[in-house]
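Convention: sequence-line order gives letters A, B, ...; per-chain numbering from 1.
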Protein chains: 4
Amino acid sequence: MKRDKPKFKQIIEAAVVVIAENGYHQAQVSKIAKQAGVADGTIYLYFKNKEDILVSLFREKMGSFIEKIGQEIEGISSPSQKLYVLVEKHFQLLSADRHLAIVTQLELRQSNKELRLRINEVLKGYLRVVDQIVKEGIEKGEFRKDLDVRLARQMIFGTIDETVTTWVMNEQKYDLVALAKPVHELLTRGCSAS
Amino acid sequence: MKRDKPKFKQIIEAAVVVIAENGYHQAQVSKIAKQAGVADGTIYLYFKNKEDILVSLFREKMGSFIEKIGQEIEGISSPSQKLYVLVEKHFQLLSADRHLAIVTQLELRQSNKELRLRINEVLKGYLRVVDQIVKEGIEKGEFRKDLDVRLARQMIFGTIDETVTTWVMNEQKYDLVALAKPVHELLTRGCSAS
Amino acid sequence: MKRDKPKFKQIIEAAVVVIAENGYHQAQVSKIAKQAGVADGTIYLYFKNKEDILVSLFREKMGSFIEKIGQEIEGISSPSQKLYVLVEKHFQLLSADRHLAIVTQLELRQSNKELRLRINEVLKGYLRVVDQIVKEGIEKGEFRKDLDVRLARQMIFGTIDETVTTWVMNEQKYDLVALAKPVHELLTRGCSAS
Amino acid sequence: MKRDKPKFKQIIEAAVVVIAENGYHQAQVSKIAKQAGVADGTIYLYFKNKEDILVSLFREKMGSFIEKIGQEIEGISSPSQKLYVLVEKHFQLLSADRHLAIVTQLELRQSNKELRLRINEVLKGYLRVVDQIVKEGIEKGEFRKDLDVRLARQMIFGTIDETVTTWVMNEQKYDLVALAKPVHELLTRGCSAS
DNA sequence: CATGAATGAGATTTCATTCAT
DNA sequence: AATGAATGAAATCTCATTCAT
């Protein structure tokens, strides 16, 4: 399995750093190779082409992202509380990795449509988690019965994403994690029964 | 003033069509010139460079967008109602111009960071309108006193934007305008006093 | 019509010189552009890609080659005499353009199978002329009635080609045209009646 | 002696198969190694470099080719009859090994000039056999006294080669060996006295 | 004002060969 | 003797921009 070898991760980490520091269009393969401490050609022993690096990057990072959030909310019974942990964890994980935040919020969005479609495939895993929380909330009576699950998900994801993007665009100069509580309040009020 | 001349608008309309139909990265200057019915060199009599076409495109379109929405909500007294009209108008205007929807939601986001920063400058006009509504809502007691204006704006814009993007990605195959009401409900519940 | 413009021929002439002097695999587009006195990009205004330069080169050169030979043998009534003029003209034309001789006999044969197939299409025009001479020879009783036209053509073309190739490989250091007579004698004896 | 070891021949056979099936330019060393069932590096224990594989391939195959033909014509006294056996044997050997026919007639000709020069060195053994037959033919009075040995050899080799190449290009879909008799007739008529 | 032919910088990817194990 | 992971040089083609007409 290629992706278990140390160089696979090594190259992905290098790609995150290079893209964050130079921007998507200035992230040449040779720069990534140099940052990873391997020869240009070595990249192609682990990745099919440049696009494959970027998709793998997103898949690896977002994969562990979804996994971590899944573990955190597993034991929680209240859907509203799950939503809180989701928001907080989302903010925490991106706060903890400034480079990754820049790459996912700004740089990777410059990729072409085909790449973005493949990235969206990965994102669907995240959106399914959100959908699940919303559905549970409706079932358990915490959220409105007439809540449209898809719209609720779009509000939740749209708000979180816009909040993180604004924070990154402001050069991460305020405390993102502190926004978890008020953002959560906005979201639950939008969804909640009563 | 360059931007009053007929060819200025002609080139911008051509750019919208070319980008919508070919995608951002396949929208070469020569294609735009051909679509506009002018020579390549003529473009540079009206625009400083390619980036300038795109920024102008966004400025022109978003400018009239903001203007129209401003006019619509002017006579309304209830902030919540203003928010409703904002959402509905936003959905209506993009529903009416499929090309523009594709360009603003998908294609222009592939531009580089610098261009996106300049586009965001234009967007600020829109965000100021939203901010204004939220502030009025708080003052008039329709929205919570402790509502964070910036977060509320991020929720409102993030939700609207995500909703439109999802609609465009689904090839505009359902009725976007019909979503104005439930989206508005989500947003006001998030903001409202009670 | 692209191929009537002076730069079209200019680039082809440059390609002949560069390939003859540097060899097929050392004939980079940039070298051809430099030799032609144009920018690299200009090449692509006249040719689809590098392969297109080579096919065009062969088509242009072989086309006028076939045309000239056709004109020379037109007024001649004796097929055997036609064959003589064909051989002599073939040797004369390649003797007169040392670079072209190197390119067609040695360098262009290193091209990949696809390119060679397209080159062979052009060659078919030449082979048709040979076939025609052989058929006439049989009809007029100069050549054997039981002569296999295809085999005769293969002998004629194979012998001429091998003779020229050997001459080029020996660095063109003897008089190729002087071989027209004995080569013609070999060929007609092979074909002739009696 | 490296070339007596089993892996030497094993790699050469693998090269013939790989080149015939993939074409000269798609015959990477790693593919040959895989086909031969050895590691890439092992190739370099038996061959100096890639070119050395190809030259060795040609030398081995053409060597046994010349040897077999030599044995066949040894006992024959008539030069014309020797020529017949040469042609027939040549056609038989290539008919019996389709892969080898493709490799020698089409693929190896795509090699660069330097490699082709080294291949020609090997070919000289074959050409010497032809020269010898022609000389004997002249001495014994079967061929013309004024026959130019070099030209006769070029006709003989050129005709045989062109005939085989045409047959390979036509995907070997007719009987090559059946052409031995008419081809021989063409050649002897070209050479013969009377 | 308008044209459009010409420019030329810049990056991905392949693959023969090496060498530590 | 055998392995195979790693190396790194090298070339085609695109397209925004210019400028002579």
Side-chain angles (χ1 to χ4, degrees), chain A residues 2 5-8 10-11 25-34 36-54, chain B residues 2 5-7 11 25-34 36-54, chain C residues 2 5-8 10-11 25-34 36-53, chain D residues 2 5-8 11 25-34 36-54:
Chain A
K2 282 269 163 71
K5 298 192 179 168
K7 288 213 170 132
F8 182 85
Q10 189 176 330
I11 290 165
H25 289 292
Q26 281 307 305
Q28 293 87 349
V29 171
S30 60
K31 254 183 211 158
I32 296 174
K34 200 171 185 182
V38 300
D40 293 17
T42 304
I43 300 267
Y44 292 87
L45 297 176
Y46 295 90
F47 301 90
K48 221 168 75 241
N49 48 36
K50 190 180 175 181
E51 180 179 311
D52 192 30
I53 306 177
L54 304 175
Chain B
K2 285 271 162 77
K5 302 198 178 163
K7 282 198 180 155
I11 290 165
H25 290 291
Q26 282 306 305
Q28 292 88 351
V29 171
S30 61
K31 250 183 213 159
I32 296 174
K34 199 173 186 182
V38 300
D40 294 16
T42 305
I43 298 267
Y44 291 87
L45 298 175
Y46 295 89
F47 300 90
K48 221 170 74 236
N49 50 34
K50 188 181 179 181
E51 183 179 307
D52 192 29
I53 307 177
L54 305 174
Chain C
K2 283 271 162 74
K5 299 194 180 168
K7 288 213 171 133
F8 182 84
Q10 189 176 331
I11 290 165
H25 288 292
Q26 280 307 304
Q28 292 88 348
V29 171
S30 61
K31 254 182 210 157
I32 296 174
K34 199 171 186 181
V38 300
D40 293 19
T42 305
I43 301 268
Y44 293 88
L45 297 176
Y46 296 89
F47 300 91
K48 223 169 70 238
N49 50 35
K50 189 179 177 182
E51 181 179 309
D52 192 30
I53 306 177
Chain D
K2 283 269 162 79
K5 302 201 178 163
K7 283 201 178 151
F8 182 84
I11 290 165
H25 289 291
Q26 282 306 306
Q28 293 87 350
V29 171
S30 61
K31 250 183 212 159
I32 296 173
K34 199 172 186 183
V38 301
D40 294 16
T42 306
I43 299 267
Y44 291 87
L45 298 174
Y46 294 90
F47 299 91
K48 219 170 75 238
N49 50 34
K50 188 181 178 181
E51 183 178 308
D52 191 30
I53 306 177
L54 304 174

(Q) Please encode protein proximity along nucleotides 13-21 of chain E as a string of B, S and -, counting only heavy-atom distances under 4.0 Å. (A) BBSSBB---
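Look at CZ on D:Phe8: it is 14 Å from P on F:dA1, rounded to the nearest Å. Atom-to-atom, CD1 of B:Ile32 to C1' of E:dG4 comes out at 17 Å; the value is rounded to the nearest Å. Rounded to an integer number of Å, the gap from NZ of C:Lys34 to C1' of E:dG8 is 13 Å. Between C:Ile53 atom CD1 and F:dT12 atom C1' there is a gap of 10 Å when expressed in whole angstrom units. Here F:dT12 presents its P atom at 15 Å from CZ of C:Phe47, a figure rounded to the nearest Å. Put simply, NZ on B:Lys31 is 18 Å from C1' on E:dG4, counting in whole angstrom units. To the nearest angstrom, C1' of E:dC1 lies 15 Å from CD1 of B:Ile43.
When every heavy atom of C:Gln28 is checked against every heavy atom of C:Lys50, the shortest pair comes out as CA-NZ, 4.3 Å. Taking every heavy atom of both residues into account, D:Phe8 and D:Phe47 meet most closely at CE1-CE2, 3.4 Å. Of all heavy-atom pairs spanning C:Tyr44 and C:Asn49, the tightest one is CE2-CA, 3.9 Å.
At least one side-chain nitrogen or oxygen of B:Tyr46 sits closer than 4.0 Å to the OP1 or OP2 atom of E:dA2. Taking side-chain N and O atoms only, D:Lys7 has a distance below 4.0 Å to OP1 or OP2 of F:dA2.
Atoms CG and CD1, from C:Asp52 and C:Ile43 in turn, are 11.0 Å apart once rounded to the nearest 0.5 Å. Considering CD1 of D:Ile32 and CD1 of D:Ile53, their distance stands at 4.5 Å, rounded to 0.5 Å.
Judged purely by atom type and a 3.5 angstrom limit, C:Lys31 uses its side chain to pair as donor or acceptor with the backbone of C:Gln26.
Base pairing in DNA chain E gives the following stems of 3 or more Watson-Crick or G-U pairs, range against range and under 3.5 Å: E:2-21 with F:2-21.
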